[in-house]
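Structure, as structure tokens:
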Amino acid sequence: KTVSLNKAPLGQLCQILAYDSPNKEGMYRLLELGLTKGSCLTILRKSHHFGNLEVALEQSRLCIDMDLASVFLVVTK
């Protein structure tokens, strides 16, 4: 199933298919950290109160703003 990263369910393994709006503030840093096309990650936690989500990417944990996460298109596995 294909969804935006911020809509992926908790605990779900996802693969990044594409991303939109590479000029959005903070986007280049996420690309440098490894959120690139083909990368696999797992949704660990969502905080609607603070507006972010936590993902596991290889050996790292990243917190991403929900608005920024919405530009990533992922396929759930």
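Nothing here was measured: the structure is a model prediction, and the numbers come from that model. Residues: numbered from 1 along the sequence shown. Computed over heavy atoms, backbone and side chain alike; hydrogens, waters and symmetry mates excluded.
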Rounded to the nearest 0.5 Å, what separation is found between the [atom1] atom of [X] and the [atom2] atom of [Y]?
X: Leu5; Y: Ser70; atom1: CG; atom2: OG; value: 9.0 Å
X: Cys63; Y: Leu44; atom1: SG; atom2: CG; value: 9.0 Å
X: Thr42; Y: Leu13; atom1: OG1; atom2: CG; value: 5.0 Å
X: Lys77; Y: Gln15; atom1: NZ; atom2: CD; value: 4.0 Å

Between [X] and [Y], is any pair of side-chain heavy atoms under 4.5 Å apart?
X: Leu31; Y: Arg29; answer: no
X: Thr2; Y: Leu73; answer: yes
X: Ile64; Y: Asn52; answer: no
X: Leu33; Y: Leu62; answer: yes
X: Val71; Y: Met27; answer: yes
X: Leu68; Y: Leu30; answer: yes
X: Val3; Y: Val74; answer: yes
X: Leu53; Y: Met66; answer: yes

Say whether, by atom type as modelled, one donor and one acceptor occur between the side chain of [X] and the main chain of [Y] under 3.5 angstrom.
X: Lys37; Y: Tyr19; result: no
X: Gln12; Y: Ile43; result: no
X: Lys46; Y: Asn6; result: yes
X: Ser39; Y: Gly34; result: yes

Let's go through Leu35 and Ile16 carefully: what are the C-alpha distance in whole Å and the side-chain angles of both, what is the deciding distance for side-chain contact (heavy atoms from CB on, under 4.5 Å) to 0.1 Å, and is it a yes or a no?
CA-CA 8 Å; Leu35 266 77; Ile16 298 175; 4.0 Å; yes
Heavy atoms of Leu57 and Cys40 approach each other most closely as CD1-O, 3.3 Å
With a sphere of 6.0 Å drawn around CD of Glu32, does it hold more than 12 non-hydrogen atoms of other residues, nucleotides or ligands?
yes
